[in-house]
Amino acid sequence: MAEQQQFDVVVIGGGPAGYHAAIRAAQLGLKTACIDAALGKDGQPALGGTCLRVGCIPSKALLDSSHQYENMLHKFEQHGIGFKDASIDVAKMVARKDGIVKQFTGGIAQLFKANKVTAYYGFGQLQPGNVVKVKQHDGSTVELKGTNVILAAGSDSIELPFAKFDGEAIVDNVGALDFTETPKRLAVIGAGVIGLELGSVWKRLGAEVTILEAM
């Protein structure tokens with residue numbers, strides 16, 4: 001039988017909703033646990049949810065880099081600043097993005113330690129009686145009994161019947177954050193924040209971008 005731990009609050013999900021809830025509960029004096037399944041590119045646990053890992057923060061990092069490049073090509077000349085043979089090193093740009101993400105996700109882990117939130121890394125499943133069964137990444141299982149359970153599991157990209165992810169021609173937002181070179185043409189299905197930001201990044205770097213939105 002799996003070991004069972006007792007908590008006042010158990011939070012499933014370590015994204016912006018989950019980690020804020022966990023930290024605040026702990027600050028209010030409640031014994032708190034937070035479960036998150038995400039792993040970073042280095043294979044290590046990475047708190048912060050879609051926003052910090054593969055959404056807002058990394059896309060903002062790439063937006064900043066692409067904005068500098070666009071200014072170099074089109075706007076610095078009016079300031080009397082000239083460049084010859086301007087180029088973009090996509091691999092270095094992506095590496096900078098990865099460093100920023102690691103800094104932010106590591107910051108959440110430090111906040112958990114400072115506020116005495118117990119982190120569990122794996123997949124949480126809600127059971128009857130406010131019990132959460134956690135299958136951890138090391139293969140072990142633990143059961144958490146919570147007086148209160150907060151569900152903050154977030155969302156994920158879904159495949160469309162006519163556009164299955166293949167990791168090459170068709171990718172989700174994670175893949176679009178890690179292109180190794182600027183695509184010649186890029187179609188973005190979904191004009192939400194991440195779609196528009198990533199479309200803007202690769203457009204600035206020379207891609208021909210088409211946005212598709214049903215709303």
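Below, all heavy atoms of this structure are taken into account, side chains as well, without hydrogens, waters or symmetry copies. Count residues from 1 along the sequence. Given the structure is predicted, the values throughout are model-derived calculations rather than measurements.
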Got a sec, which residues hit side-chain contact (heavy atoms from CB on, under 4.5 Å) with Asp42, two or more places apart in sequence or on another chain?
-> Gln44, Lys102
Quick one: pull up CZ in Arg204 and OG in Ser65 and give me the separation to the nearest 0.5 Å.
-> 10.0 Å
In the single-linkage hydrophobic clustering (I, L, V, M, F, W, Y; side-chain heavy atoms under 4.5 Å), do Ile23 and Leu28 co-cluster?
-> no
Can you sort out the partners of Arg24 under salt bridge (charged side-chain N to carboxylate O under 4.0 Å, His left out), two or more places apart, ordered by chain and number?
-> none
Looking only at heavy atoms, which two atoms of Glu197 and Cys56 are closest? And how far apart?
-> OE1-O, 4.3 Å
Distance col, row Leu144:CG vs Thr32:OG1, nearest 0.5 angstrom, shows 11.5 Å
Cluster question for you: counting only ILVMFWY and a side-chain heavy-atom cut-off of under 4.5 Å, with indirect links fine, are Ile57 and Ile108 together?
-> yes
Salt bridge (charged side-chain N to carboxylate O under 4.0 Å, His left out) partners for Lys203, two or more places apart = none
Pairwise distance OG1(Thr141) to NZ(Lys133) - rounded to 0.5 angstrom | 6.0 Å
Interatomic spacing from CE in Met72 to NE2 in His67 - rounded to 0.5 Å = 12.0 Å
Only distances under 3.5 Å count here; give the side-chain donor-acceptor pairs of residues 116-129 to other protein atoms, sequence neighbours excluded, each with its distance to 0.1 Å.
from: Gln125; atom 1: OE1; to: Gln127; atom 2: NE2; distance (Å): 2.8

Hydrophobic cluster of Trp202, others only, ordered by chain and residue number, side-chain cut-off 4.5 Å = Val54, Leu62, Leu63, Tyr69, Leu73, Ile88, Val90, Met93, Val94, Val171, Val174, Leu177, Phe179, Leu186, Val188, Ile194, Leu196, Leu198, Val201, Leu205, Val209, Ile211
Which atom pair, heavy atoms only, marks the closest approach of Ala207 to Pro183?
-> CB-O, 3.0 Å
List in chain and number order the residues that pass side-chain contact (heavy atoms from CB on, under 4.5 Å) with Ser140, two or more places apart in sequence or in another chain; answer none if no residue qualifies.
-> Gln136, Asp138
Closest heavy-atom pair, Ser155 versus Thr50, reported as atoms and distance to 0.1 Å, is O-OG1, 3.8 Å
Please round to the nearest 0.5 Å and tell me the distance separating atom CD of Gln5 and atom NZ of Lys145.
-> 14.0 Å
Where the side chain of Asn130 meets the backbone of Gly146, is there a donor-acceptor pair that is under 3.5 Å apart?
-> yes
Atom CD of Glu159: over 12 foreign heavy atoms under 6.0 Å | yes
Under a 4.5 Å side-chain heavy-atom rule over Ile, Leu, Val, Met, Phe, Trp and Tyr, are Leu39 and Ile35 clustered together?
-> no
Crowded around Lys113 NZ? As in, over 12 foreign heavy atoms under 6.0 Å?
-> no
Around atom NZ of Lys31, are there more than 12 heavy atoms of other residues, nucleotides or ligands at under 6.0 Å?
-> yes
Output the distance between atom CG (Asp89) and atom CD (Glu181), rounded to the nearest 0.5 Å.
-> 12.0 Å
Which pairs with one or both residues in residues 153-172 pass ring-ring contact (aromatic ring centres under 6.0 Å, His included), sequence neighbours excluded?
-> none
By the rule that ILVMFWY residues connect when side-chain heavy atoms come within less than 4.5 angstrom, directly or transitively, which residues belong alongside Val193?
-> none
Which heavy-atom pair separates Glu213 from Ala191 by the least distance, and what is that distance?
-> OE1-N, 2.6 Å
Does anything in residues 126-152 pair up under ring-ring contact (aromatic ring centres under 6.0 Å, His included), and if so which pairs, sequence neighbours excluded?
-> none
According to the ring-ring contact (aromatic ring centres under 6.0 Å, His included) rule, which pairs have a member within residues 16-64, sequence neighbours left out?
-> none
On a heavy-atom basis, the closest approach of Gly13 and Cys34 is O-SG, 3.4 Å
Is the number of heavy atoms from other residues, nucleotides or ligands under 6.0 Å of Ile81 CD1 greater than 12?
-> yes
Kindly write out the residues that satisfy side-chain contact (heavy atoms from CB on, under 4.5 Å) with Ala38, not counting sequence neighbours, or none if the list is empty.
-> Asp36, Arg53
Correct closest heavy-atom pair for Ile12 and Val132 would be CD1-CG1, 3.8 Å
Would the number of heavy atoms belonging to other residues, nucleotides or ligands and lying under 6.0 Å from NZ of Lys92 be above 12?
-> no
Is there a donor-acceptor contact under 3.5 Å from the side chain of Asp172 to the main chain of Gly175?
-> yes
In chain order, what residues pass the salt bridge (charged side-chain N to carboxylate O under 4.0 Å, His left out) check against Asp166, with sequence neighbours excluded?
-> none
Linking I/L/V/M/F/W/Y whenever their side-chain heavy atoms sit closer than 4.5 Å, directly or via other members, would Phe112 and Val9 fall into one cluster?
-> no
